[in-house]
> 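Below you will find the structure I want to go over with you.
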Amino acid sequence: MQLAQKIVELEQALAIADTDGKRVGFIPTMGALHKGHLSLVKKAQDQGLFIVVSVFVNPRQFGEGDDLENYPRTLGVDARVLSDAGVDVLFAPSSNEVYPASGVKEISAGELGALFEGTVRPGHFDGMLTVVNRLFNLVQPDVAFFGSKDAQQLMLVTQMVRQQVANGDREPIKVVACETVRDEEGLALSSRNQRIPKDLIPAARTLHKALIAGSKKKTKADCIEAAMAQLDPIIRLDYLELVDPDTFAVTEGVTGARMVIAGWVGEVRLIDNLLVGGV
């Protein structure tokens with residue numbers, strides 16, 4: 001595996017892949033890698049792609065009160081994990097590489113970016129789309145892989161790529177949604193999980209239990225009631241709602257809806273989601 005910390009190093013590696021006629025698969029991450037990330041690598045490997053994984057803790061995704069300083073940074077461990085997994089290039093740029101003094105194109109998430117996670121974390125999705133767009137421009141992938149745990153992020157990235165392709169602003173990128181990887185009792189794997197105190201892990205697992213209970217009901221009121229009944233009382237809920245999977249607009253219908261949840265377990269904020277009827 002090649003470690004590229006400069007754009008020129010990335011470009012050199014991609015040029016070799018292009019000469020060899022290889023299609024590029026890209027997995028953007030903020031590091032602190034876990035089995036969920038490795039499942040994305042496996043998806044890319046199954047397609048025979050030249051695999052680039054980025055590790056970049058994007059400061060623009062963290063608003064006031066967010067945990068930028070506490071976000072885990074484990075590049076050495078991540079590099080060994082990715083090398084063992086057979087990744088071709090680890091792109092680990094500095095902020096100056098990603099955000100040069102000349103500036104980068106700012107991407108707005110618009111009204112959809114102000115819903116749910118955007119309400120709790122103003123500007124988060126603008127920062128996320130800006131860095132994803134920047135990384136797409138640098139890596140020029142054919143296929144990009146994202147986990148489904150961050151469902152609103154996935155929807156916004158898919159929408160951005162679709163619009164850019166329609167406008168002729170970029171070549172098509174296939175955005176692949178990958179199934180959420182969970183622990184043995186259903187807790188969605190996340191880099192933030194390592195910050196949950198061990199005695200609060202059972203409480204964290206009730207988020208998924210709530211989604212499962214809610215997903216089995218036939219009306220929205222019953223979905224929400226059943227989900228709330230499963231949540232550990234210590235969880236400070238930010239939201240629990242049914243949305244249209246493609247637009248994240250709140251829906252009163254149940255069939256085909258996505259149940260989304262976010263809440264605090266101690267000092268750690270977790271998100272999860274489940275398609276109703278998808279269990």
Side-chain angles (χ1 to χ4, degrees), residues 1-18 24-34 37 40-41 44 50-83 85 87-110 113 117-118 121-147 150 153-154 156-157 160-161 164 169-171 173 175 190-192 194-195:
M1 183 187 75
Q2 179 178 345
L3 172 62
Q5 294 180 295
K6 301 289 186 180
I7 292 173
V8 65
E9 296 170 339
L10 173 67
E11 291 173 340
Q12 290 168 353
L14 293 172
I16 294 172
D18 184 60
V24 175
F26 179 46
I27 303 165
T29 83
M30 293 207 298
L33 303 181
H34 50 69
H37 296 109
L40 307 186
V41 172
F50 181 87
I51 304 171
V52 179
V53 176
S54 66
V55 170
F56 178 66
V57 181
N58 179 30
R60 298 196 185 189
Q61 289 178 230
F62 293 81
E64 185 176 352
D66 272 347
D67 53 356
L68 173 60
E69 295 305 317
N70 293 323
Y71 195 88
R73 293 164 172 82
T74 57
L75 182 59
V77 174
D78 293 342
R80 289 193 294 274
V81 167
L82 293 174
S83 179
V87 167
D88 295 289
V89 177
L90 166 56
F91 182 44
S94 67
S95 290
N96 290 337
E97 289 285 299
V98 176
Y99 299 118
S102 58
V104 299
K105 182 176 182 179
E106 304 286 342
I107 305 293
S108 171
E117 287 301 290
R121 307 170 67 188
H124 166 74
F125 286 121
D126 293 343
M128 180 276 294
L129 289 179
T130 295
V131 78
V132 169
N133 183 66
R134 170 67 168 158
L135 291 170
F136 280 175
N137 289 342
L138 294 174
V139 177
Q140 295 290 311
D142 298 286
V143 189
F145 298 84
F146 291 83
D150 299 316
Q153 169 182 280
L154 175 60
L156 287 166
V157 170
M160 177 185 73
V161 171
Q164 289 175 338
D169 294 332
R170 76 162 62 256
E171 294 297 312
I173 298 173
V175 177
S190 169
S191 301
R192 287 182 167 87
Q194 59 188 268
R195 294 178 48 218

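We number each residue from 1, following the sequence as shown. Worth knowing before you read on, the calculation uses all heavy atoms, side chains too, and leaves out hydrogens, waters and symmetry mates. Note that the coordinates shown come from a computational prediction; the quantities given were computed from them, not determined experimentally.
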> Does Asp78 reach the main-chain N or O of Gly31 with its side chain, forming a donor-acceptor pair under 3.5 Å?
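A pair under 3.5 Å: no.
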> Does the side chain of Met128 reach to within under 4.5 Å of the side chain of Val157, using non-hydrogen atoms?
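Yes - at least one pair of side-chain heavy atoms lies under 4.5 Å apart.
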> So, the side chain of Arg170 versus the backbone of Gln164: is there a donor-acceptor pair under 3.5 Å, distance only?
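No, the answer is negative, given that no donor and acceptor are paired below the 3.5 Å cut-off.
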> Can you measure from CE (Met160) to CG (Asp169) and round to the nearest 0.5 angstrom?
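Reported to 0.5 Å precision, the distance equals 11.0 Å.
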> Report the C-alpha separation of Ile107 and Phe125 in whole Å, then their side-chain angles, then the decisive distance to 0.1 Å, and conclude whether the side-chain contact (heavy atoms from CB on, under 4.5 Å) test is met.
CA-CA 9 Å; Ile107 305 293; Phe125 286 121; over 6 Å; no
> Could you go through the side-chain contact (heavy atoms from CB on, under 4.5 Å) check for Val57 and Phe62 one step at a time?
CA-CA 9 Å; Val57 181; Phe62 293 81; 4.0 Å; yes
> Are any non-hydrogen side-chain atoms of Leu154 and Val175 less than 4.5 angstrom apart?
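Counting from C-beta outward, Leu154 and Val175 do come under 4.5 Å.
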> Evaluate side-chain contact (heavy atoms from CB on, under 4.5 Å) for Leu90 paired with Leu75, printing each intermediate quantity in order.
CA-CA 10 Å; Leu90 166 56; Leu75 182 59; 4.0 Å; yes
> As a quick check of understanding, evaluate side-chain contact (heavy atoms from CB on, under 4.5 Å) for Phe50 and Leu14, giving each step before the final call.
CA-CA 9 Å; Phe50 181 87; Leu14 293 172; 4.3 Å; yes
> Taking all non-hydrogen atoms of both residues, which atom of Gln194 and which atom of Ala32 are closest, and how far apart?
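Closest heavy-atom pair between Gln194 and Ala32: NE2-CB, 4.0 Å.
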> Please confirm whether the backbone N or O of Val24 pairs with a side-chain atom of Asp142, one donor and one acceptor, at under 3.5 Å?
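Yes: the side chain of Asp142 pairs with the backbone of Val24.
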> Could you state the interatomic distance from CZ (Phe145) to CD1 (Ile51), rounded to the nearest 0.5 Å?
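Here the rounded value is 7.5 Å.
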> Taking all heavy atoms of Ala4 and all of Val89, pick out the closest pair and write down the distance.
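The answer is CB-CG1, 4.1 Å.
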> Applying side chain to side chain donor-acceptor pair (under 3.5 Å), which residue pairs with at least one partner in residues 87-102 are found, sequence neighbours left out?
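Listed by first then second residue: Asn58-Tyr99.
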> Under 3.5 Å, is there a donor-acceptor pair between the side chain of Thr130 and the main chain of Asp126?
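Yes: the side chain of Thr130 pairs with the backbone of Asp126.
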> Rounded to the nearest 0.5 Å, what separates atom OG in Ser190 from atom NE2 in His37?
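Here the interatomic distance stands at 8.0 Å.
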> When rounded to the nearest 0.5 angstrom, what distance separates CD in Glu11 from CZ in Phe91?
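If we round to the nearest 0.5 Å, Glu11:CD and Phe91:CZ are 9.0 Å apart.
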> When rounded to the nearest 0.5 angstrom, what is the spacing between CG in Leu10 and CG in Leu3?
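Answer rounded to 0.5 Å: 11.0 Å.
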> Taking all non-hydrogen atoms of both residues into account, name the closest pair between Ile173 and Val161 and its distance.
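Shortest heavy-atom separation between Ile173 and Val161 comes out as O-CG1, 3.6 Å.
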> First locate atom CD of Gln140, then atom CD of Glu171, and finally report the distance between them rounded to the nearest 0.5 Å.
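Result: 8.0 Å between the selected atoms.
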> Run the salt bridge (charged side-chain N to carboxylate O under 4.0 Å, His left out) test against Glu106 and tell me which residues pass, sequence neighbours left out.
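Counting only residues at least two positions away or on another chain, Glu106 forms a salt bridge (charged side-chain N to carboxylate O under 4.0 Å, His left out) with Arg60.
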> Show the nearest heavy-atom pair for residues Leu135 and Pro28, with the distance to one decimal.
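Shortest heavy-atom separation between Leu135 and Pro28 comes out as CD1-CB, 4.3 Å.
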> If you take all heavy atoms of Gln2 and Ala13, which pair is closest and at what distance?
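Answer, listing the atom of Gln2 first, then Ala13: OE1-CB, 3.5 Å.
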> Work out which heavy atom in Val98 is nearest to a heavy atom in Val104; give both atom names and the distance.
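That closest heavy-atom pairing would be O-CG1, 3.4 Å.
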